[in-house]
Amino acid sequence: MIIAIDGPAASGKGTLGKRLAQHYGYRHLDTGVIYRAVAYAVLETGGDLHDEALAIAAARAIDPGTFGNPALKSHEVGNAASIVSAFPAVREVLLNFQRQFASEPPGAVLDGRDIGTVICPDADVKIFVVADPKVRAQRRTLEAQSRGEQADEAAILADIISRDERDRNRPVAPLRPADDAHTLDNSNLGIDASVEAAIAIVEAVRGKR
Ligand code: DC
């Protein structure tokens, strides 16, 4: 079984994906990390994030061994990822890696922006996670503070809003729910309740088959 989880930044889909994968004994891929790794590689070489050739080269050289690097989690790298991910050729280079991951047994949970629409349009279950931008900014602020980083909630909110806009309005693989996606609004749900709600969606879809 393939479970696709999409949604905007800081909607909690990463943690949700991980927990769902644990619940079902599946593998989990946070696809945002891939775009973050590409952006980080460009930044590391002192390159311009808007230079398409640099981003493509970084995507071709992607090394899953680097996905655990804590530096990828920062808010700045997230914004940088939103910029490089808008290049169609970068997405193209990363497509096979994601499909390959999804296809291997015993099953997989992938979370991102375009899993249900582009990467795995035939996913068995598609969940689109949303939450109020203010709640997402609060979550990001607490996360950053727990990592010992300074965080300005108002600035984070402004970034979240502009990133959503860029992710939604890009011509290739924009952030949007697939027609057959189930929307999960977790503005008022903690992580445990979100996981329960997601499991309920998966079980409801399974039961109908
Ligand atoms: O989910 P995240 O914050 O780690 O994602 C960082 C950026 O990467 C996001 O703003 C847009 C891009 N991204 C994407 O274009 N497609 C995906 N499947 C996942 C992330």
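In what follows, residues are counted from 1 in the order of the sequence shown. Small disclaimer: the values here were computed from a predicted structure and weren't measured. First listed ligand is number 1; within each ligand, the first listed atom is number 1.
With sequence neighbours left out, the ring pair (Phe, Tyr, Trp, His ring centres under 6.0 Å) criterion links Tyr26 to Tyr24.
Of the N or O atoms in Asp30, none lie within a sub-3.5 Å distance of an N or O in ligand 1. The shortest N/O to N/O separation between Tyr35 and ligand 1 does not fall below 3.5 Å. Remark: ligand 1 and Arg163 share an N or O pair separated by less than 3.5 Å (distance only, no angle test).
Ligand 1 lies within reach of Arg170, whose nearest heavy atom is under 4.0 Å from it.
In this structure, Asn188 places its CG atom where only 12 or fewer heavy-atom neighbours from other residues, nucleotides or ligands lie under 6.0 Å away. Annotation: Arg147, atom CZ; neighbour count of heavy atoms from other residues, nucleotides and ligands within 6.0 Å is above 12. For Glu104, the CD atom is densely surrounded, since the number of other residues' heavy atoms within 6.0 Å is greater than 12. More than 12 non-hydrogen atoms from other residues, nucleotides or ligands lie less than 6.0 angstrom from CD of Glu203.
Under the 4.0 Å criterion applied to side-chain N and carboxylate O atoms, Asp180 and Lys126 are assigned as salt-bridge partners. Between Lys18 and Asp111 there is no salt bridge, since no side-chain nitrogen of the basic residue lies less than 4.0 Å from a carboxylate oxygen of the acidic one.
Each of the following atoms of ligand 1 lies closer than 4.0 Å to a heavy atom of Ser85: 11 (C), 12 (C), 15 (O). Near Gly32, meaning under 4.0 Å from one of its heavy atoms, ligand 1 places the atoms 4 (O), 5 (O), 19 (C), 20 (C). Annotation for ligand 1: atoms under 4.0 Å from non-hydrogen atoms of Lys13 are 1 (O).
In terms of modelled atom types and a separation under 3.5 Å, the side chain of Asp124 and the main chain of Ile2 share a donor-acceptor contact.
Closest heavy-atom approach to atom 10 (O) of ligand 1 within the set Val118, Val90, Asp167: this belongs to Asp167.
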Compile the donor-acceptor pairs under 3.5 Å between side chains in residues 81-93 and protein atoms, sequence neighbours left out, one pair per line.
from  : atom 1 : to     : atom 2 : distance (Å)
Ser82 : OG     : Arg166 : NE     : 2.8
Ser82 : OG     : Arg166 : NH2    : 3.3
Ser82 : OG     : Asp167 : OD1    : 2.8
Ser85 : OG     : Ala81  : O      : 2.9
Ser85 : OG     : Ser82  : O      : 3.1
Ser85 : OG     : Arg170 : NH1    : 3.2
Arg91 : NH1    : Ser85  : O      : 2.9
Arg91 : NH2    : Tyr35  : OH     : 3.3
Arg91 : NH2    : Asp114 : OD1    : 3.4
Arg91 : NH2    : Asp114 : OD2    : 3.0

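Using a 4.0 Å cut-off between heavy atoms, Arg36 contacts ligand 1 through its side chain alone, with no backbone atom that close.
Scanning all protein heavy atoms for the shortest distance to atom 19 (C) of ligand 1 gives Thr31 OG1, 3.5 Å. For atom 7 (C) of ligand 1, the nearest non-hydrogen atom of the protein is Ala81 CB, 3.6 Å. The protein atom (non-hydrogen) at minimum distance from atom 16 (N) of ligand 1 is Arg91 NH2, 3.0 Å. Regarding atom 9 (C) of ligand 1, its nearest protein heavy-atom neighbour is Arg113 NH2, 3.2 Å.
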